Amino acid sequence: PEKIKEELLAKYPTKVARKRAKQIIVNKVGADEEVPVIQSNVRTVPGLISQRGCCYAGCKGVVLGPTRDIVNITHGPIGCGFYSWLTRRNQTDPDTTPDGHNFMPYCFSTDMQDQQIIFGGEKKLKQAIQEAYDNFHPKAIAVFSTCPVGLIGDDVHTVCRQMKEALGINVFGFSCEGYKGVSQSAGHHIANNQIFKHVVGLDNTVGDGEYRINLLGEYNIGGDAFEIDRIFEKCGITVVSTFSGNSSIDKFANSHTADLNLIMCHRSINYVAEMMETKYGVPWIKINFIGAEATAKSLRKIARYFGEQKLTDRVEAVIAEELPAVQAASAEVRPRTEGKRAMLFVGGSRAHHYQELFNELGMETLSAGYEFAHRDDYEGRKVLPTIKVDADSRNIEELEIHPDPERYNPRKSEEDLEELRASGMEFSGYEGMMPTMKNGSLVIDDISQYETETIIETFKPDIFCAGIKEKYIVQKHGIPMKQLHSYDYGGPYAGFKGAINFYKEIDRMVNSKVWGYLKAPWQVNPELAATYAWE
Ligand code: CFM
Ligand code: HCA
């Protein structure tokens with residue numbers, strides 16, 4: 001692997017090579033090994049073709065996009081709103097109750113034009129909020145800033161405050177201009193801050209349910225949250241809110257009344273979990289519902305937290321009921337998937353979580369990386385104190401949160417927590433991706449297209465997982481490509497039923513003969529081959 005690393009860097013100019021060398025890491029794990037440091041959450045080198053998106057995408061598209069009953073208005077040129085409209089396949093319940101709303105089928109934008117760029121866009125934004133209110137009478141309206149908003153200096157927060165007063169509904173804005181921060185990750189943080197400031201805590205009603213949890217960082221792509229909800233319901237676990245798959249604003253408002261936060265995608269939502277713990281005393285644990293074994297493990301962890309035999313028994317019964325179908329499906333495909341090799345390059349958590357599902361298929365992950373995650377997602381949260389804060393991260397507001405004078409209520413006593421910790425339960429912890437990967441595997445942060453093609457040519461993996469921009473490049477190398485963002489047209493892949501879906505899909509893909517027949521025209525007719533010379 002060290003040689004491949006050298007090869008990856010060889011064609012870069014010295015300065016670029018030096019930077020990329022810190023982001024392309026040969027993994028080291030073992031009893032007396034420290035997981036190596038990987039540079040991440042830093043600017044992409046201009047000119048490298050990155051997989052990344054922008055801050056606006058992380059805020060509007062990822063965190064708030066799946067909430068059905070907020071009118072989410074993109075303040076900016078129409079393309080930003082249009083591209084972030086349902087391309088992520090976040091599903092929702094239509095909510096046909098009398099006071100339910102579902103704005104998912106709509107794309108709201110101020111459709112900013114030259115006129116606004118020159119004279120300012122606040123007036124048009126105000127009109128858009130009024131128009132949305134008149135037409136839909138929503139419970140809440142949120143405004144998302146795109147790059148030009150910050151450049152021309154529109155004050156979306158003042159506009160929102162004025163319209164909140166005028167309309168008497170919750171109206172709040174996000175300064176999530178695309179260029180803020182180095183990737184989508186900045187947008188997650190901004191989204192977390194504003195939703196915590198403007199929504200969480202507004203409704204103090206404690207609802208029914210003995211075991212009340214929030215599921216944080218699950219966005220219901222391809223129906224994943226539906227499958228997880230099905231399992232929770234069977235177990236008798238009450239989901240107070242999901243951030244933000246299949247969500248509604250009322251659920252966010254009430255989320256601080258839950259007794260435990262479960263973090264699925266650590267990267268996108270750890271801020272809400274931390275703030276909720278500080279202000280309201282709700283502890284959080286990391287769970288993962290990608291992979292049948294991981295699902296069973298996560299359910300047991302939840303049962304252990306609540307510490308009641310009744311729940312433990314029920315969870316065990318559900319696992320016993322669900323696992324046989326999963327095991328039958330994996331036994332069916334495993335002779336055909338065993339020993340195959342995968343590569344995973346996805347945003348900030350799936351490159352880690354999906355290794356579980358590949359393990360269940362007997363497949364090894366040769367190389368993996370995140371688009372925009374931070375060192376804690378790679379090396380574990382224990383490195384948090386050593387992460388350097390640079391100008392780009394300082395750019396994102398860090399809210400100062402204090403215990404709520406009335407509502408702070410630690411859910412477990414210090415002794416209970418100690419006892420749980422002693423039994424192996426980790427609170428506020430995430431071990432990260434690298435400690436779970438093999439020694440010698442290549443971990444690459446913010447991979448470029450050049451690096452993608454080079455590792456494909458070198459390793460010829462049996463499957464490559466990434467996003468839409470990578471899909472056809474990979475396929476042209478004759479390698480099957482699975483989108484782990486949108487799931488292509490498939491899913492759910494979470495939970496028990498999801499695992500079965502995934503096994504079947506990967507079996508179909510890695511055993512399809514079509515890729516072996518694929519030859520580019522210049523491979524069949526050498527006279528079409530040409531080499532460009534530019535030196
Ligand atoms: Fe979390 Fe996500 Fe992901 Fe993410 Fe994303 Fe996504 Fe992703 Mo695309 S919140 S980090 S910003 S798990 S949209 S549902 S698939 S890159 S790995
Ligand atoms: C985003 C959304 C995205 C893009 C996926 C892709 C998603 O980052 O803005 O590149 O295919 O999951 O839809 O990550």
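In listed order, ligands and their atoms are each counted from 1. Being a predicted model, the structure only gives us computed values, none of them experimental.
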- Pairing of D377 and R267 as salt bridge, 4.0 angstrom limit: yes
- Message: Could you work out, for atom 4 (Fe) of ligand 1, the closest of Y354, Y219, F372 by heavy-atom distance?
- Response: F372
- Query: Does G53 come within less than 4.0 angstrom of ligand 2, counting non-hydrogen atoms of the residue?
  - Reply: no
- Query: Quick one: does E470 get an N or O within less than 3.5 Å of an N or O on ligand 2?
  - Reply: no
- Note on the structure: Going by the 4.0 angstrom heavy-atom rule, the piece of Q184 near ligand 1 is neither
- Query: Using heavy atoms and a threshold below 4.0 Å, how should the contact between S268 and ligand 1 be classified: side chain, backbone, both, or neither?
  - Reply: side chain
- Subset of ligand 2 atoms that lie under 4.0 Å from at least one heavy atom of K469: 10 (O)
- Message: Does ligand 2 come near enough to Q184 that some N or O of the ligand is less than 3.5 Å from an N or O of the residue?
- Response: yes
- Query: Between CD of Q23 and CG of D446, what distance do you get to the nearest 0.5 Å?
  - Reply: 6.0 Å
- If we number the atoms of ligand 1 from 1 as shown, the ones under 4.0 Å from a heavy atom of H485 are 7 (Fe), 8 (Mo), 15 (S), 16 (S)
- With a cut-off of under 6.0 Å to the ring centre and 45° to the axis, is R20 in cation-pi contact with Y12? no
- Numbering as shown, the atoms of ligand 1 that approach G348 to under 4.0 Å (heavy-atom distance): 3 (Fe), 10 (S), 17 (S)
- Non-hydrogen atom of S349 closer than 4.0 Å to ligand 1: yes
- Message: Quick check for you: to the nearest 0.5 Å, what is the distance between L216 atom CG and I269 atom CD1?
- Response: 6.0 Å
- Are F345 and Y370 an aromatic pair by the rule of ring centers under 6.0 Å? no
- Item | Under 4.0 Å to a heavy atom of A57 - the qualifying atoms of ligand 2, by number | 9 (O)
- Is there a heavy atom of R88 sitting under 4.0 angstrom from any atom of ligand 1? yes
- Query: Are E470 and R52 close enough for a salt bridge, meaning some N to O gap below 4.0 Å?
  - Reply: no
- Query: Short N/O distance, under 3.5 Å, between G467 and ligand 2?
  - Reply: no
- Query: So which bit of V63 gets within less than 4.0 Å of ligand 1, heavy atoms only: side chain, backbone, both or neither?
  - Reply: neither
- Query: What do you reckon, does H353 put a non-hydrogen atom under 4.0 Å from ligand 1?
  - Reply: no
- Could you tell me the residue and atom name of the protein heavy atom closest to atom 2 (C) of ligand 2, and the distance to it rounded to 0.1 Å? R88 CD, 4.3 Å
- Message: Between R230 and E322, does any NZ, NE, NH1 or NH2 come within less than 4.0 Å of an OD or OE carboxylate oxygen?
- Response: yes
- Task: Determine the sole option in E431, H352, E356 for which the side chain to side chain donor-acceptor pair (under 3.5 Å) test with T436 is passed.
- Result: H352
- Query: Going from CZ on F459 to CG on L442, what distance comes out if it is rounded to the nearest 0.5 angstrom?
  - Reply: 5.0 Å
